[in-house]
S.K.: 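This is the structure I have questions about; it appears just below.
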Protein chains: 4
Amino acid sequence: MTHGIAKRRVAVVGASGFTGKEALRLLAQHPHVEVTGVYSARSGEASAAETYAGALREPVSASLDLDALGTNDAVLLCAPHEASATLVPQLLESVPLVLDLSAAYRLRDAAMYPRFYGFEHPAPDLLEERVYGLTEFAREELRNTRLVACPGCYVTSVLLPLLALRDAGLLTDDDVIADCKSGVSGAGKAATGVTHFASVHEDFRAYGVGTHRHEPEIREQFASDRVYFTPHLLPIFRGILSTLHLRADGDANSVREALRTRFEGEPFVSVLDKGLPAVSEAQTSNRCVLGVASHGDRIVVVSCIDNLVKGASGQAIQNLNVALDLPETAGLEPVHAAIPGWR
Amino acid sequence: MTHGIAKRRVAVVGASGFTGKEALRLLAQHPHVEVTGVYSARSGEASAAETYAGALREPVSASLDLDALGTNDAVLLCAPHEASATLVPQLLESVPLVLDLSAAYRLRDAAMYPRFYGFEHPAPDLLEERVYGLTEFAREELRNTRLVACPGCYVTSVLLPLLALRDAGLLTDDDVIADCKSGVSGAGKAATGVTHFASVHEDFRAYGVGTHRHEPEIREQFASDRVYFTPHLLPIFRGILSTLHLRADGDANSVREALRTRFEGEPFVSVLDKGLPAVSEAQTSNRCVLGVASHGDRIVVVSCIDNLVKGASGQAIQNLNVALDLPETAGLEPVHAAIPGWR
Amino acid sequence: MTHGIAKRRVAVVGASGFTGKEALRLLAQHPHVEVTGVYSARSGEASAAETYAGALREPVSASLDLDALGTNDAVLLCAPHEASATLVPQLLESVPLVLDLSAAYRLRDAAMYPRFYGFEHPAPDLLEERVYGLTEFAREELRNTRLVACPGCYVTSVLLPLLALRDAGLLTDDDVIADCKSGVSGAGKAATGVTHFASVHEDFRAYGVGTHRHEPEIREQFASDRVYFTPHLLPIFRGILSTLHLRADGDANSVREALRTRFEGEPFVSVLDKGLPAVSEAQTSNRCVLGVASHGDRIVVVSCIDNLVKGASGQAIQNLNVALDLPETAGLEPVHAAIPGWR
Amino acid sequence: MTHGIAKRRVAVVGASGFTGKEALRLLAQHPHVEVTGVYSARSGEASAAETYAGALREPVSASLDLDALGTNDAVLLCAPHEASATLVPQLLESVPLVLDLSAAYRLRDAAMYPRFYGFEHPAPDLLEERVYGLTEFAREELRNTRLVACPGCYVTSVLLPLLALRDAGLLTDDDVIADCKSGVSGAGKAATGVTHFASVHEDFRAYGVGTHRHEPEIREQFASDRVYFTPHLLPIFRGILSTLHLRADGDANSVREALRTRFEGEPFVSVLDKGLPAVSEAQTSNRCVLGVASHGDRIVVVSCIDNLVKGASGQAIQNLNVALDLPETAGLEPVHAAIPGWR
């Protein structure tokens, strides 16, 4: 099956965080990718290479050498937002394809960066050029770009059903409550008061209402300021469950049918025949699992993903596969990582 | 301080579940209550009395003797819904005050029982007579009744802020999304597929959209069919966090101020000066902790309670205190069971 | 790489529990196995086949047809102990290889069954014939048997280091404290008071001291009545960490070196250069990860496995691979399922 | 009951960590203590006073004024080890009673401090003078001292049964395996790689074998180098369960009876009639709950405490009560904080 596909050379820059590690975990199983190196995004810092050497098939080098990276077919960039903003133009000088997992190129409107990310964007022209990599809605563009901005984790879970329903003409209006809940890995690997076991275990909280960085991203992509995104922190490690409260022209059956039609044949989007998904149905896989219920004259859509996979590194690899003309599910199988209900 | 208050005699019927146990835990610290007995709600079943004997100050007897119960000032009834529906009229023949923690007398509309609870209500006239015991909104009635229906756990968390805001005339309309999350103790003590550790730990799910029994209760009390209640199951033992998405005449400051004004002096309702509460700020106490945030032209109100305390046994004792003219916080102190942030 | 290996036909009997599901999860990725069917071990019971149909490559049939099973190369039997005891002789009439994951054939001494398992053993002669499938110590026998009794989960974690150290002549005596801790999946899928979230979460307990069924199994295999096995229940889903307190001729370095020598080249046993493993280093993989520390004149060996993989279904497949002359790691890769420290 | 007991004035120094907070939680319910102030142990650092003001009955001042502290009857010192070592002599110049919750005065042998705590002890003579406050074994001394070193959390759980059994002459030898497991609060409030949710949740590990600071403390108090203490980190917030493997002159019944005899009338030590305790039976209370099982020719004793209460702040208050001639359970009631099995 895999005959005739030459291995693509891929380097990972920035592997000290959860998304970098997850990318390495997945790439280690990718049949058509050779990980050529793992580099620290911060010069002078010890590379994560040593840590992961055992998991890689090829020797790795530690220091970030922009010239040497040019021998790769692609670079996965898992650096902090501001570091990525600067690194991307440098990488593009020699690398034919950069997939950025940070938010540095997600927003087309450069004016948002000072406000939501605290820095002036260094390359606003690239914001015009980049492809926003919500794979299921961007395949054509992905095949013709050198820069992919991989969507935010919450954003992915919200946009997949919303864009499908809007495209189907089923939304009565664009007024949507997105009440979203994420596991702690979304808060990153830094040890802080927020990520301390004592702050999370047997607890639950909302945060960032009206100020979270994923709200402008959702609104820009959905082209509406009437999506109200409220994030919460779950006492679990992985996974996002987003509860969307909306109004549709039709009942749950119509909405479910529209989602089924839109995502038929999609390897990574499932629509439940009945009931609503639990986050465990998506954990560790690249799947987005959707469920629909009627709620009087409203509709509830529940969308589950693994924030580190479909919400980050998995979708980045899915984008890599599309952009490099590899089988889209390569490295992301088994597609149903979890047998439903299995844990 | 406690001089001159004669101890009231209180029996607990039905103590095998979480709410019965929680009631006993709290009553064991109540300075003005003597627990005269703990009885099984199901005849022929071994009483929980033996289990809790060590925790009680007085000897207990095991079999349910309706006549003997007549020597009490009040009975706390922690039985299953249908059993309570039948027991209440029997108890009222000899007991001057019954506080029912089940849903058997919560809904005024008897027609709801076959649909939501699966039984024909045996005493619809008592549905007219009973007082709905959301304490902060029912003190006068509580002083003149023999039957108190203690509100549902989710319902308590939702109604406290909603009724306050409607009374203040601040709600633009009655269209409210109540996206609510509860710990597992809300699912009861029965060992089922739902409460198995493997179904809950490192997982999260929505359930009962449009069919949960607390929706008609909220709607009846709020007198509107436009409250959309969506419950979720959290991987924690105790606590409810309800996220209310609504529209108000005014911003977060106005809403916060209205809540402060309404609940000033209330021992068990707190309104945060800023930020949104975590569920740990209410766990193990009888408090409802409220926080408010602006969200564009909407308002988010977060309401946290402990489902077993303010959502069940604590509120029942609060109602008992009011009805028996005891200090309202007796047995429920320290009011701030948890030092904020303490866990 | 996989050319020339004909697919082996394997059926799974008993898939309603955790080990059956785990076996299916792993076999779905096995390059040389075709799962021909999933059958309920209990006649008249709805098969699990429907549940897993989506995860299987081949259609499945539901009722247990002993004749039809004869077309398979092997059967994985994931039934309850007593059911397995009866089924194995029946299966052996037509099936060339049975791998039993229950305890029904683990103990050579038939007299133990009434005492520890509550039933008289129906086929004591098969107890003589069966191979005890602790793979790393049984390869030769595995290639020449029709019945494999797969070891208990705790037992596997304890025996791997203990047998290695005894074979190396390093144990001062056979007096060993095995203080073991297991996740809840070891308690099975049945919803009971023990597996209720409220009994496990934020809790921890010892159980079965002197009475647990794995103690006679360890003692029989280690041929000593001086291994003291104490199990505990961890508030996690998967994994076992066994802390072995023993005395050795030599310090931690000697013990570590002996383990390294014994397990060199073993794909599924790792010995840490320094430090002690966390259970996360073994979770979801078929690995046993060992660490050694000096403790005065004693030695502490910590052994971690995933109870559902190396402690059950993974080791069963490892045994299947050896018995059917397939590559031993087939279906169990990536061998390092988890990048160390990754979660 | 409380008539005629004048309130004692107590200050808390160092309240930013878990033990300081827990002390404040308990003292807020103490009927005979007035908390006069909460002070930061580190000069120049913002006091925790503001945080806890709402929980205190009296106004608090922020800066550490050694002279002003002299008006107190006692000071609870919840500072880091080295800070405490220095502060204690300073406090003793004006304060009649200091209860130190750190390890700074736990070890009588000053030579241990450079090795296990990394500092030269500044007041070795006070190591001779101080009382080691394992309350049940130190009441007489506690009534005649000005300095109490409160025992380590693990140490308390291990010593209570061990000292009782040695005093009863029941131990065959002093060779004891103490396989101990603690919740995360034992690792402190600092956000580190160790306390990150991702390092603890769904994980379990041993640590500090042969190097943990509580081993020399146990060995000094038990006067034997043959107690082998192995700590593990549980994915829970509170509680310690210590599994002691030992040999006794007698079976489980004899050992249980000896423990019962020794602890009869003790308000905070319980010996189970049968079975072994879960950590939930001690959580949030000042209790130590003991269970005994025979294990062949060995005995297993399981000892459960709450590391923040009996293992730290609760025992400190118990010591305070004894030293100041207050009722020993004051501020620590209900003695059975948890109804057994209640959660």
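Not measured: the values here are computed from a predicted model. The sequence lines fix the lettering, A, B, ..., with proteins before strands; numbering per chain opens at 1. Atoms considered below: every heavy atom in the structure, side chains included; atoms not considered: hydrogens, waters and symmetry mates.
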S.K.: Roughly how far, to the nearest 0.5 Å, is the CG atom of C/Asp297 from the CG atom of D/Asp225?
M.R.: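 Result: 9.5 Å between the selected atoms.
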S.K.: Is there a side-chain contact between D/Arg205 and C/Glu281, using heavy atoms and a 4.5 Å cut-off?
M.R.: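 Sidechains of C/Glu281 and D/Arg205: no contact.
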S.K.: Mind checking whether D/Val209 and C/Arg298 have side chains closer than 4.5 Å, heavy atoms only?
M.R.: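 Not in contact.
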S.K.: Nearest 0.5 Å please: distance from the CD1 atom of D/Ile177 over to the CD1 atom of C/Ile177.
M.R.: 5.5 Å
S.K.: Select one option (side chain, backbone, both, neither) describing which atoms of C/Val300 are under 4.5 Å from chain D's heavy atoms.
M.R.: side chain
S.K.: Counting only heavy atoms not in D/Arg115, do more than 12 fall under 6.0 Å of its CZ?
M.R.: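 Check fails, neighbour count at 12 or below.
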S.K.: Tell me, side chain or backbone of C/Thr230 under 4.5 Å from chain D's heavy atoms, or both, or neither?
M.R.: both
S.K.: If you tally heavy-atom pairs under 4.5 Å against chain D, which of C/Ala293, C/Pro235, C/Gly183 wins?
M.R.: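 Of C/Ala293, C/Pro235, C/Gly183, C/Pro235 has the most heavy-atom pairs under 4.5 Å with chain D.
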S.K.: If I measure from the heavy atoms of chain D, does C/His245 come under 4.5 Å with its side chain, its backbone, both, or neither?
M.R.: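 Just the side chain, heavy atoms under 4.5 Å.
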S.K.: Ignoring hydrogens and angles, tell me if any N or O in the side chain of C/Glu202 forms a donor-acceptor pair with the backbone of D/Arg238 under 3.5 Å.
M.R.: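 Judged by distance alone, yes, a pair lies under 3.5 Å.
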S.K.: What heavy-atom pair brings D/Leu234 and C/Phe204 nearest, and what distance separates the two atoms?
M.R.: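 In this case the closest contact between D/Leu234 and C/Phe204 is CD2-CD1, 3.6 Å.
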S.K.: Assess the residue pair C/Leu276 and D/His232 against the criterion (side-chain contact (heavy atoms from CB on, under 4.5 Å)); give the C-alpha distance rounded to whole Å, side-chain angles, the decisive distance to 0.1 Å, and a yes or no.
M.R.: CA-CA 11 Å; C/Leu276 300 173; D/His232 300 73; over 6 Å; no
S.K.: Between D/His295 and C/Phe229, which heavy-atom pair has the shortest distance, and what is it?
M.R.: CE1-O, 3.0 Å
S.K.: Nearest heavy-atom pair of C/Asp203 and D/Ile236: which atoms, and what distance?
M.R.: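 For C/Asp203 and D/Ile236, the tightest heavy-atom pair comes out as N-CG2, 3.7 Å.
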S.K.: Give the minimum heavy-atom separation between D/Ala206 and C/Leu241, together with the two atoms involved.
M.R.: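 Taking every non-hydrogen atom into account, N-CD1, 4.2 Å.
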